[in-house]
Novice: 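I have a structure here, written as structure tokens, and I will follow up with some questions on it.
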2 protein chains.
Amino acid sequence: MLTDTLRALGEPHRLQMLDLLRRGPLPVAEVGEALGLGQPQTSKHLRALREAGLVVAIPDGQRRLYSVRPEPLRELADWLETYRSVLATNYDRLDTLLARFEDTE
Amino acid sequence: MLTDTLRALGEPHRLQMLDLLRRGPLPVAEVGEALGLGQPQTSKHLRALREAGLVVAIPDGQRRLYSVRPEPLRELADWLETYRSVLATNYDRLDTLLARFEDTE
DNA sequence: AGGGTATATATCCGTCAAGGAATGTTTTGG
DNA sequence: CCAAAACATTCCTTGACGGATATATACCCT
């Protein structure tokens, strides 16, 4: 679900984690170290990402290599596509906005 | 901030609101009615969206017309772009993933 | 000016999520 | 088989959040 993806990434540490894993798979310890997180917190956040389908864990000896799973990101990209017309238009000047309102009124 | 955008949209009602406003500006009452929300709840969520910069309110008599502000969505799109290579690759079959690990090991 | 409408804000409550410390589990190495 | 390493899970506490109700504010109309 799109909402789950957004909620999972709405947490700063988890967003950083994904950005970190974007470069390639990493074990839990390195992820935690990179973000300055404790080991339990790291595992917890990785679990949240995993449950959102944003990440997969692959056993490698006594470690677990986490890597990005792109599916949810594709879904997010598809959703953003539906805003294509909105993104194209330059709505950001207030007067433009007001002008449009007067038109449609 | 990207996190704020994701966090704001991580709430199902707010995501629905944005999807609703994607078609064009609406007053609070119609937004609430469309989502089956009470008036205070509607205002509260719209405020959250507004504070995330995802929405603007324009006074129209005693009403306020809310509409989408594209800036944060552009930022989101830009962020997604950095995952372009990840999205392109077909990571989704587990064996493919494993094969890649064995390669890089 | 007054009454009604549309929206915003305040408050209370229940719930959930994040951080921290301790413990459990699996795997490796000897 | 035992001890240590790497993670996962649990429990606790605390702060934030969403829903509901009540109240305040702003605006229009007559």
Side-chain angles (χ1 to χ4, degrees), chain A residues 1-18 20-21 24-67 69 97-98 101-102 105, chain B residues 1 3-21 24-69 98 101-102 105:
Chain A
M1 195 90 62
L2 181 57
T3 298
D4 300 322
T5 303
L6 294 165
R7 198 162 45 78
L9 296 177
E11 216 285 322
H13 287 140
R14 289 197 287 261
L15 182 59
Q16 289 182 249
M17 282 185 178
L18 211 74
L20 184 63
L21 296 176
L26 285 180
V28 177
E30 294 195 26
V31 174
E33 188 183 359
L35 305 199
L37 283 180
Q39 181 266 316
Q41 290 78 11
T42 308
S43 282
K44 206 167 166 187
H45 281 304
L46 284 173
R47 177 181 186 174
L49 288 172
R50 202 189 329 135
E51 289 178 350
L54 280 159
V55 132
V56 236
I58 298 206
D60 170 51
Q62 47 190 353
R63 303 185 304 170
R64 291 203 177 189
L65 295 179
Y66 278 84
S67 57
R69 200 179 78 101
L97 247 177
L98 285 165
F101 286 147
E102 286 157 6
E105 206 75 333
Chain B
M1 195 92 63
T3 298
D4 299 323
T5 303
L6 293 165
R7 189 163 194 311
L9 296 178
E11 216 286 321
H13 286 140
R14 290 197 286 262
L15 181 60
Q16 290 183 249
M17 282 184 178
L18 210 74
D19 281 337
L20 184 63
L21 295 177
L26 285 180
V28 177
E30 294 195 27
V31 174
E33 188 183 358
L35 305 200
L37 283 181
Q39 180 266 315
Q41 291 81 3
T42 309
S43 283
K44 205 168 169 184
H45 281 304
L46 284 172
R47 177 180 186 174
L49 288 172
R50 203 189 329 134
E51 289 178 351
L54 280 160
V55 133
V56 230
I58 297 205
D60 170 51
Q62 47 192 350
R63 303 185 302 171
R64 292 203 177 188
L65 295 179
Y66 278 85
S67 56
V68 176
R69 200 179 78 100
L98 285 166
F101 285 146
E102 287 157 6
E105 206 75 333

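Since we're looking at a predicted model, the values are computed, not measured.
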Novice: Side chain to side chain contact (heavy atoms under 4.5 Å, CB included), that's the test. Do B:Leu49 and B:Leu9 meet it? Break it down for me.
Specialist: CA-CA 8 Å; B:Leu49 288 172; B:Leu9 296 178; 4.1 Å; yes
Novice: So if I take residues 2-14 of chain A and measure heavy-atom distances to DNA chain C, which residues fall below 4.0 Å?
Specialist: A:Arg7, A:Glu11, A:His13, A:Arg14
Novice: For A:Leu21 and A:Tyr66, work out which heavy atoms get closest and say how close.
Specialist: CD2-O, 3.5 Å
Novice: Mind checking side chain to side chain donor-acceptor pair (under 3.5 Å) for A:His13 and listing every partner two or more places apart, or none if nothing turns up?
Specialist: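 Per chain and number, A:His13 pairs via side chain to side chain donor-acceptor pair (under 3.5 Å) with no residue.
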Novice: Please confirm whether the backbone N or O of B:Pro27 pairs with a side-chain atom of B:Arg63, one donor and one acceptor, at under 3.5 Å?
Specialist: no
Novice: Check the interface with nucleotides 6-12 of chain D: list each N/O to N/O pair with the protein under 3.5 Å, or write none.
Specialist:
| residue | atom | partner | partner atom | Å |
| --- | --- | --- | --- | --- |
| D:dC7 | OP1 | A:Val28 | N | 3.4 |
| D:dC7 | OP2 | A:Ala29 | N | 3.0 |
| D:dA8 | OP1 | A:Tyr66 | OH | 2.7 |
| D:dA8 | OP2 | A:Ser43 | OG | 2.7 |
| D:dA8 | N7 | A:Gln39 | NE2 | 2.6 |
| D:dA8 | N6 | A:Gln39 | OE1 | 3.2 |

Novice: Would you check if the side chain of B:Arg69 reaches a backbone N or O of B:Gly53 as a donor-acceptor pair within less than 3.5 Å?
Specialist: yes
Novice: With a 4.5 Å cut-off on side-chain heavy atoms, are B:Val28 and B:Leu46 touching?
Specialist: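 Heavy-atom side-chain distance check passes, below 4.5 Å.
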Novice: Would you mind listing every side chain to side chain donor-acceptor pair (under 3.5 Å) that reaches into residues 33-43 of chain A, with sequence neighbours excluded?
Specialist: A:Gln39-A:Ser43
Novice: Can you give me the closest heavy-atom contact between A:Leu6 and B:Gly10, atom names plus distance?
Specialist: CB-CA, 3.8 Å
Novice: Contact between B:Lys44 and B:Arg47 at the side-chain level, heavy atoms closer than 4.5 Å - yes or no?
Specialist: no
Novice: Looking at B:Arg64 and B:Ala57, would you say the former's side chain and the latter's main chain have a donor-acceptor pair under 3.5 Å?
Specialist: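 Not confirmed, B:Arg64 side chain does not pair with B:Ala57 backbone.
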Novice: Is the side chain of B:Arg14 donor-acceptor paired with the backbone N or O of B:Ala8 at a distance under 3.5 Å, no angle test?
Specialist: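 Such a contact is found between B:Arg14 side chain and B:Ala8 backbone.
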Novice: Could you pull out the closest heavy-atom pair between B:Val31 and B:Leu20, with the gap in Å?
Specialist: CA-CD2, 3.9 Å
Novice: Nucleotide range of DNA chain C contacted by chain B, 5' to 3', under 4.0 Å to a heavy atom?
Specialist: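 Nucleotide range with atoms under 4.0 Å of chain B: C:dG4 to C:dT9.
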Novice: Find out whether B:Leu35 and B:Met17 are in side-chain contact, i.e. whether some heavy atom of one side chain is under 4.5 Å from a heavy atom of the other.
Specialist: yes
Novice: Need one value for B:Gly38: base, sugar-phosphate or nothing, where a base atom within 4.0 Å counts as base even if backbone is also close, heavy atoms only.
Specialist: nothing
Novice: Roughly what angle, to 10°, lies between the helix axis at the start of the helix from C:dA1-D:dT30 to C:dG30-D:dC1 and the one at its end, five pairs per end?
Specialist: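 For the helix from C:dA1-D:dT30 to C:dG30-D:dC1, the axes at opposite ends meet at about 30°.
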Novice: With DNA chain C as reference, determine whether A:Gly61 or A:Ala48 sits nearer its 5' end, using the nearest nucleotide of each.
Specialist: A:Ala48
